Structures are given as C-alpha cells and as structure tokens.
A.B. asks: 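Got a structure for you, questions after.
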Amino acid sequence: MTWRADVLTIFPSMFPGPLGESLAGKAMEAGSWSLKVTDIRDFGLGRHRSVDDTPFGGGAGMVLRPDVLDAAIGSVADGAVADERPLIVLTPRGAPLTQKRVRELAEGPGVILLCGRFEGIDQRVIDARQAEEVSIGDYILSGGEIASLVLLDAAIRLLPGVMGAADSAVEESFSAPLLEYPHYTRPAVWAERAVPETLTSGNHAAIAAWRLEAARQTTKTRRPDLYNQYIASGALAP
Ligand code: SAM
C-alpha cells in the first residue's frame with residue numbers, strides 16, 4: 001500500500017526537492033509513497049490571497065491565520081482530526097522528533113504536514129484540528145518546509161523495500177539507543193592512519209565486540225542523555 005504524504009505550505013516549489021532524488025525519489029517512482037503538495041495561498045483571502053496577519057498582543061512579525069489554514073487542511077482531510085493520518089505541525093515548540101516516532105509514522109498510512117512561516121501559526125487551528133506539534137531540533141529555521149523534508153526523509157527510508165540492505169536500519173544509531181560505531185573502508189592505511197586492527201582481522205565476534213564498545217564509548221562521551229537511557233534499559237552494565 002502506498003504511504004501518503006500531504007504537505008501544506010506557502011512555498012510548494014520546495015517539494016519534492018531532495019526527496020525527488022536517490023532512495024526517496026526511486027521509492028516515489030516505484031509507488032512506495034506519494035506526495036501531494038497544497039499551496040496554502042490558494043485559500044488566502046482577498047485580492048492578494050493574504051494568509052497572515054499581525055499578532056494579537058503586539059510583537060514582531062506575522063502569524064498564519066487559522067481560517068485560511070483550516071480551509072487548506074479541510075481540502076486534504078475531512079473532519080476535525082484530519083483523516084486516518086496524523087496531522088503534524090512543524091514548530092520549534094513541538095515534541096522533539098525521535099527515531100521511535102519516525103518508525104511509528106512509517107508503519108502508519110502516512111502523514112499530513114503543515115509548514116509554518118513568519119512568527120508561526122495561530123494556536124487555535126492547531127488545537128481545533130488536534131494536530132501533533134513536532135520540532136526537529138532546538139534551533140529556529142525560517143519555515144517548516146525543511147523540517148517537513150527532514151521528517152519525510154527519515155520516514156520514507158524505513159518504508160518496506162526502500163532501503164537496500166534489509167537490516168541496515170536495525171543497527172543504526174538510536175535503534176539501541178546508542179550512537180553508531182565509526183565506519184572505515186579502503187585503503188586500510190590512509191594519510192598514515194591505519195584502520196583499527198580488529199576490523200581487518202576477519203574475526204566476526206571480535207569485530208562485533210569492538211563495534212559495541214566503540215558505540216558505547218562514543219555515546220557516553222557525546223550524548224550522556226542517551227547513554228543513561230541505554231544503561232537504564234538494562235542492555236549492559238556501565
Ligand atoms: N517564532 C517562532 C519561535 O520562536 O518559536 C519561530 C518561527 S520560525 C521563524 C517559522 C516556522 O519555521 C515555524 O512556524 C515552524 O513551522 C518552522 N520551524 C522553525 N524551526 C523549527 C524547528 N526547529 N522544528 C520544526 N519547525 C521549525
């Protein structure tokens with residue numbers, strides 16, 4: 001069955017963008033997923049197809065209007081809670097996107113994504129449509145389009161048949177939850193730097209142990225938050 005993505009944006013030409021290339025592009029051609037982009041401005045008001053207005057309470061910038069956004073959402077999904085697909089609003093105020101959530105989304109029927117711009121979106125349409133608010137990280141982008149591309153890329157590669165090696169998603173960072181071990185390829189010595197000896201030994205058990213230890217040490221140093229989750233999961237003693 002085709003995984004269906006709808007994107008609502010005032011910059012429709014930003015799609016499919018990078019998702020038309022490589023794995024995602026091939027998967028779209030093969031019918032593993034489909035993309036429909038809706039221009040929010042088609043639902044804009046007046047001669048200028050206006051989509052935004054000044055914020056109540058004052059302050060800088062403009063806010064996307066709830067009536068315009070609701071009409072745009074209604075054009076792709078009936079009812080208050082979109083359709084069977086989750087309606088996701090990309091916003092720095094949202095819950096941080098995780099591999100776990102991406103996996104759940106990839107296992108579902110698809111997503112409807114609403115891209116913010118300017119200062120953001122009138123909260124009432126988010127509440128009325130019971131949208132899920134998702135952030136892709138603690139920094140501010142100029143709009144939700146790139147955040148949508150990130151979410152879609154992460155989900156599409158998990159769709160059945162999209163990734164080359166069937167098991168490559170299983171070992172990846174955040175599945176454990178550990179960051180991945182470092183990778184090396186030929187030449188075995190480059191710029192006077194040799195590949196770690198174990199990796200050229202052919203001893204599969206030793207290689208697996210080396211990789212696990214490297215993953216644990218990297219996670220411990222770089223992401224103590226993830227490492228604590230790993231320890232709490234009881235996978236291994238510290
Ligand atoms: N005034 C907002 C704030 O301080 O939280 C920032 C608005 S931002 C300039 C415009 C739009 O970009 C947002 O409405 C949202 O759709 C998108 N955006 C920016 N950063 C994001 C992030 N980290 N994750 C998801 N979407 C983001």
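We're numbering straight along the sequence, starting at 1. As the structure is a prediction and not an experimental result, all values here were calculated from the model. In listed order, ligands and their atoms are each counted from 1. When reading the values below, keep in mind they use all heavy atoms of this one structure, side chains included, and skip hydrogens, waters and symmetry mates.
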A.B. asks: Which parts of the protein, at residue level, reach under 4.0 Å of ligand 1 through a heavy atom?
C.D. replies: Leu90, Thr91, Pro92, Gly116, Arg117, Phe118, Glu119, Gly120, Val134, Ser135, Ile136, Gly137, Tyr139, Ile140, Leu141, Ser142, Gly143, Gly144, Ala147

A.B. asks: Clusters formed by hydrophobic residues whose side-chain heavy atoms approach within less than 4.5 Å: which one holds Trp210, and what are its other members?
C.D. replies: Tyr184, Val195, Leu199, Ile207

A.B. asks: Do you know which two heavy atoms are closest between Ala77 and Arg129, and how far apart they sit?
C.D. replies: O-NH1, 3.8 Å

A.B. asks: Does this structure show an ion pair linking Arg41 with Asp39, if we count only N-O contacts that are shorter than 4.0 Å?
C.D. replies: no

A.B. asks: Got a donor-acceptor contact below 3.5 angstrom from the Thr219 side chain to the Tyr227 backbone?
C.D. replies: no

A.B. asks: Using the side chain to side chain contact (heavy atoms under 4.5 Å, CB included) definition, which of the options Leu35, Leu23, Thr2, Ile156 pairs with Met28?
C.D. replies: Leu35

A.B. asks: Of all heavy-atom pairs between Gly143 and Arg117, which one has the smallest distance, and what is that distance?
C.D. replies: CA-NE, 3.5 Å

